[in-house]
Amino acid sequence: MRPCFAYFAASALLFILLPVKARDAPKVPMQAQADAVIAMEMEARAAREAARKAFMEAVPAFEEWEVDHGAYKTILRRVAPPEPVKLSNRTSTSEVAAEPQWTEAQFAAWIAEQPSPRKLNLTATVFDETLTKVTWRDESRMKWTILSNIDFRYLRGVVQFEDKTNRWMSFLFVDEVDSTREKEIALHAAEKGFQYEPRTLEPWLSLVPADFMSSTEPEYIIMADSESTIPEALYEELDALHRHYAANEEQLIAAYEYDKVMSAARRAWHEANPPEPKDTVINFWKVR
């Protein structure tokens with residue numbers, strides 16, 4: 001029997017299926033370091049683009065046309081088709097024969113040992129960088145609401161991990177809600193004669209035990225009329241995801257902070273260096 005709270009809660013740490021070796025957490029750079037890295041990245045990109053353009057322009061052309069777009073041009077160049085690439089086969093028949101060959105039974109046994117691919121069917125909303133409301137859907141698109149005490153911002157984007165039985169994957173969309181900002185929007189809307197229901201943390205906090213948010217272990221609560229209505233797949237996915245977070249919390253947080261600093265540096269670079277119109281070179285040839 002799974003442990004239950006007021007709305008049928010299941011601890012995500014009932015057991016650990018597989019000891020996970022934690023990866024080294026990425027070092028979060030200072031802003032000046034991030035700015036320098038992005039500047040080098042953009043300089044290298046510009047050099048690659050210039051080299052590519054020079055390479056294409058160096059190819060002899062039979063004819064050229066220019067399409068003037070005002071600030072930039074598109075240059076169309078008819079060239080000879082490239083020479084076919086000749087691949088050398090350096091593997092001798094004896095070398096191929098020397099490689100061990102698997103029997104059908106061995107291959108089937110190896111396949112049976114591999115984790116099965118599974119998709120996580122959920123989205124999340126993080127309230128005030130604390131509690132997360134998760135929406136889980138089954139194959140028929142029926143929805144369940146789950147409250148988690150972990151910050152799903154650290155799990156956003158492409159999520160991939162394995163345990164003993166499954167290879168989990170999902171693109172996790174995470175919305176963020178600032179309760180203070182939501183109340184300001186509602187007040188401003190009321191002043192304009194509109195009604196806006198602010199999304200805030202308080203209604204959800206009233207549904208969780210007093211020690212839920214202070215727990216040092218990742219936990220979640222399933223909102224359901226009865227435990228018998230909850231699909232087993234929901235438990236499997238939420239258990240696996242919370243175990244993954246517990247085993248990699250430091251790395252996930254560090255990766256999130258690293259991406260945030262680098263994204264800010266990249267935005268700042270683009271603001272300081274707005275793109276300039278550039279000519280485009282297109283080489284084409286007749287396909288025989």
Side-chain angles (χ1 to χ4, degrees), residues 12 20-52 119-120 122-135 146-162 167-185 198-201 204-205 213-220 238 240-278:
V20 178
K21 181 179 179 181
R23 298 170 296 175
D24 292 335
K27 185 177 180 181
V28 180
M30 301 293 290
Q31 193 62 58
Q33 295 174 316
D35 292 340
V37 170
I38 295 302
M40 293 175 60
E41 175 186 306
M42 295 304 173
E43 184 179 344
R45 176 186 293 181
R48 290 194 302 270
E49 291 177 352
R52 176 64 176 169
K119 183 181 179 182
L120 295 163
L122 48 85
T123 57
T125 300
V126 177
F127 289 86
D128 301 335
E129 302 181 1
T130 52
L131 181 139
T132 300
K133 179 176 75 73
V134 180
T135 300
I146 302 99
L147 301 180
S148 172
N149 66 351
I150 66 175
D151 189 338
F152 269 55
R153 290 180 303 157
Y154 306 132
L155 293 166
R156 75 191 324 156
V158 178
V159 178
Q160 297 185 80
F161 61 93
E162 291 186 8
R167 182 184 303 111
W168 300 94
M169 183 178 71
S170 179
F171 184 85
L172 181 55
F173 176 77
V174 180
D175 189 16
E176 296 183 46
V177 172
D178 182 332
S179 294
T180 300
R181 176 60 178 158
E182 286 287 308
K183 292 175 181 178
E184 292 174 351
I185 294 173
R199 300 177 297 168
T200 62
L201 180 62
W204 301 111
L205 282 180
M213 297 306 301
S214 60
S215 174
T216 58
E217 295 185 346
E219 296 178 338
Y220 62 88
L238 270 294
L241 186 59
H242 282 68
R243 284 195 299 271
H244 169 67
Y245 180 88
N248 299 277
E249 181 178 28
E250 181 181 351
Q251 292 73 35
L252 291 168
I253 294 175
Y256 172 84
E257 296 296 339
Y258 176 88
D259 290 342
K260 186 165 67 172
V261 172
M262 297 303 292
S263 295
R266 191 170 286 108
R267 285 194 301 271
W269 188 94
H270 283 293
E271 290 174 1
N273 301 272
E276 298 179 357
K278 298 178 182 178

Taking [X] for its side chain and [Y] for its backbone only, find out whether a donor-acceptor pair lies under 3.5 Å.
{"X": "T132", "Y": "I150", "result": "yes"}
{"X": "T200", "Y": "S179", "result": "no"}
{"X": "N149", "Y": "M213", "result": "no"}
{"X": "D128", "Y": "T130", "result": "no"}
{"X": "H244", "Y": "A240", "result": "no"}

On a heavy-atom basis, which atom in [X] and which in [Y] lie closest, and how many Å separate them?
{"X": "P198", "Y": "K183", "result": "CB-N, 4.1 Å"}
{"X": "S148", "Y": "H242", "result": "OG-NE2, 2.9 Å"}
{"X": "R266", "Y": "I38", "result": "NH2-CD1, 3.4 Å"}

Could you state the interatomic distance from [atom1] ([X]) to [atom2] ([Y]), rounded to the nearest 0.5 Å?
{"X": "F152", "Y": "L241", "atom1": "CZ", "atom2": "CG", "answer": "4.5 Å"}
{"X": "T125", "Y": "F173", "atom1": "OG1", "atom2": "CZ", "answer": "7.5 Å"}
{"X": "Y245", "Y": "Q251", "atom1": "OH", "atom2": "CD", "answer": "11.0 Å"}
{"X": "L120", "Y": "W168", "atom1": "CG", "atom2": "CH2", "answer": "6.0 Å"}
{"X": "E43", "Y": "N273", "atom1": "CD", "atom2": "CG", "answer": "11.5 Å"}
{"X": "T123", "Y": "K133", "atom1": "OG1", "atom2": "NZ", "answer": "7.0 Å"}

Ionic contact status for [Y] with [X], cut-off 4.0 Å:
{"X": "E176", "Y": "R156", "answer": "yes"}
{"X": "R199", "Y": "D175", "answer": "yes"}
{"X": "K260", "Y": "E257", "answer": "yes"}

| task | Go through D35 and Q31 one step at a time and tell me if the side-chain contact (heavy atoms from CB on, under 4.5 Å) criterion holds. | result | CA-CA 6 Å; D35 292 340; Q31 193 62 58; 3.3 Å; yes

| field | Steps toward salt bridge (charged side-chain N to carboxylate O under 4.0 Å, His left out) verdict (E49, R52) | value | CA-CA 5 Å; E49 291 177 352; R52 176 64 176 169; over 6 Å; no

| query | Quick check: are there more than 12 heavy atoms from other residues, nucleotides or ligands sitting under 6.0 Å from CZ of R167? | reply | yes

| task | In sequence, state the C-alpha distance, the side-chain angles, and the governing distance for V177 and V126, and then conclude on side-chain contact (heavy atoms from CB on, under 4.5 Å). | result | CA-CA 6 Å; V177 172; V126 177; over 6 Å; no

| query | Within a strict 4.5 Å, meaning less than it, do heavy atoms of the M262 and V37 side chains meet? | reply | yes

